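See below for the structure under consideration.
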2 protein chains.
Amino acid sequence: MTVVNIGQRIDGQYGELSPQEQRAADFILDHLSDLAVYNASELARLSGVSKATVSRLFRRLGFQDSAEVREHARALRSYGSPVGGPGASAGTPSRLAAHVEAEQENLRRMLVGVEDGRLDEASRLIASARHVLVIGMRNSYPLALHLREQLMQSRDRVTLGPVPGQSIGEDLAELGPRDAVVLFGFRRRAAGFAQLAQAIQRRGVPLVLIADSSARRHSDKATHWLECPIDSVSAFDSYAAAMSLVNLLATGAMGAHVRESRTRIAAITSAYEDLDELEVPW
Amino acid sequence: MTVVNIGQRIDGQYGELSPQEQRAADFILDHLSDLAVYNASELARLSGVSKATVSRLFRRLGFQDSAEVREHARALRSYGSPVGGPGASAGTPSRLAAHVEAEQENLRRMLVGVEDGRLDEASRLIASARHVLVIGMRNSYPLALHLREQLMQSRDRVTLGPVPGQSIGEDLAELGPRDAVVLFGFRRRAAGFAQLAQAIQRRGVPLVLIADSSARRHSDKATHWLECPIDSVSAFDSYAAAMSLVNLLATGAMGAHVRESRTRIAAITSAYEDLDELEVPW
DNA sequence: AGGCTGCTGAAACAGTTGTTTCATCTAGCT
DNA sequence: AGCTAGATGAAACAACTGTTTCAGCAGCCT
């Protein structure tokens, strides 16, 4: 069974629609991807017809009422691929597609939560801090590790904690207001996380906290709070969006850094060289 | 002038919000990118609070009424489209959008390169191997680390190499045709990569090779070749899609594994428990 | 011209949404 | 225990939304 979406329905009977109905239909077609955002009254107002006409149009298109259209529009909204009906979901391919769709949604959400300048501020902080300490435990550790490596491309004095056999306290003891800590705090945080965040705050060290929504309660201890979803259709959380955020942060820090450092050229060049570097012959 | 969006407003006073208000705020944060789609009643229903609470929350956040929130949500929604602000775009917002778009493209390509059964085969191999050795150096190391942690959720005998102070040769010496190696080989491979791959092949150990296109020349040494793009608009490669692939592989290995192991229930249960686990009190 | 048909928006109306009020409840305090 | 302050949802209500009715109107045929 193929789902016939509203755009197709309009195309199918555009000719039989009355002039005013066509006007409304035009507007709908022009805002298909946004449709869920408008209600029927607005549709009427924005397309310059009466509410009555919109109401009639929906009927004509085979919908029971405007609520049905709304519902339909929301189903459309999660587009990304005009994936087949839900029936096919049993098999492998759509399981993978669902996975990818979830990732894309995570990316979108990550972006929205970060694009209002937070990312830039955090980048600047990291770029200009005297010393940067990156902390991540358990599932957050690979992210911390990766961020540290990337930051090292454009600045020095970036350390990773905790180093085995040394407490974080020791790392922290050397930091002050002119330094910065990047703390990853994704779900399944180790015990002591709150104390750690608090200790950082008390020492007056600017803190960039990167975590999923479960860490909101700690966000007040951070000077910069970057929320990143890790939702997944599988039993494991997915850190793809987080990985993407790490890239953004490292990139941003490099960009911000170069403005105020004489190492600018060297930094950029070396990073780009890395990119283009030919494989070493073995 | 920075626009203070609703997400920031919530973060700014999350602590002062009442429990129910936090509940509603959580829902809003989780649907920031979608916010324009919901009206206040739905927000109330979906987040499990009364309409009154939602109404009060909006006030608390500095909005006149829900109409203002709606308007605000629509303004937010504008990302992704060429927002068009003439000079205003100053790079930042669309730079981020471009980044996310590149990530999504990587995800799609990763999926296409993997959904023809390769992933399933690799998963089954990993699930049924006697011993699994996961190897990743440099930029691939965080991925290897993460994969190892995830695989440990559903099976034992998963080791990570190389361990500092020990050569990979030693790890490898104990492996044979009934074991498996997962080798990450993303761009900027260390010298010796080719020899390593060859050594694995010669020992007859099944090899899952995960890397970007630059490693194609090594793909013939692998029994399972999973290509994953890491293209990025920035100076750094992005491992988001790779991270996503790791999730798929770990999930698949768990799924394949349970079919032939009595630890099935335990494995699934523990993984799901992790998911739902309440935060430990600190 | 007259009669017919279908399109249309104004208006009436029923249903829904969002705000405010109010009684109840809870936690903290004495 | 009694008291207080804040939190909360039910309910009342005002505002808005969407459907239906209805009268006007334009086009068309005879």
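The structure presented is a predicted model; accordingly, all values stated were derived computationally and were not measured. Chain A is the first sequence line, chain B the second, and so forth, proteins listed ahead of strands; every chain is numbered from 1.
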Comparing nearest nucleotides in DNA chain D, the 5'-proximal residue of the pair A:Lys51, A:Arg56 is A:Lys51

Of B:Ala52 and A:Arg70, whose closest DNA chain D nucleotide lies nearer the 5' terminus?
-> B:Ala52

Could you tell me whether B:Arg59 contacts a base, only the sugar-phosphate backbone, or nothing, with contacts defined as non-hydrogen atoms closer than 4.0 Å?
-> sugar-phosphate

Using a 4.0 Å heavy-atom cut-off across all strands, classify B:Ala40 as base, sugar-phosphate, or nothing.
->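 Sugar-phosphate contact only - B:Ala40 comes under 4.0 Å of backbone atoms but never of a base.
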
Protein-nucleotide distance ([X], atom [atom1]; [N], atom [atom2]), rounded to Å:
{"X": "A:Glu42", "N": "C:dT17", "atom1": "CD", "atom2": "P", "value": "14 Å"}
{"X": "A:Asn39", "N": "C:dT17", "atom1": "CG", "atom2": "P", "value": "11 Å"}
{"X": "B:Arg45", "N": "C:dT16", "atom1": "CZ", "atom2": "P", "value": "12 Å"}
{"X": "B:Leu57", "N": "C:dG18", "atom1": "CG", "atom2": "P", "value": "14 Å"}

For the rings on A:Phe184 and A:Tyr141, is their centre-to-centre separation under 6.0 Å?
->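 No, ring centres 6.0 Å or more apart.
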
A:His99 NE2 to A:Ser234 OG distance, which is reported to the nearest 0.5 Å =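 Atom-to-atom, A:His99:NE2 and A:Ser234:OG are 7.0 Å apart.
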
Taking the six-membered ring of A:Tyr14, is the NZ or CZ of A:Arg9 close enough (under 6.0 Å from the centre) and on axis enough (within 45°)?
-> no

Just checking, is any N or O donor in the side chain of [X] or [Y] under 3.5 Å from an acceptor N or O on the other one?
{"X": "A:Ser244", "Y": "B:Glu103", "answer": "yes"}
{"X": "B:Arg95", "Y": "A:Thr251", "answer": "no"}
{"X": "A:Asn139", "Y": "A:Tyr239", "answer": "yes"}

Positional range of nucleotides in DNA chain D within the contact set of chain B, heavy-atom, under 4.0 Å | D:dA7 to D:dA10

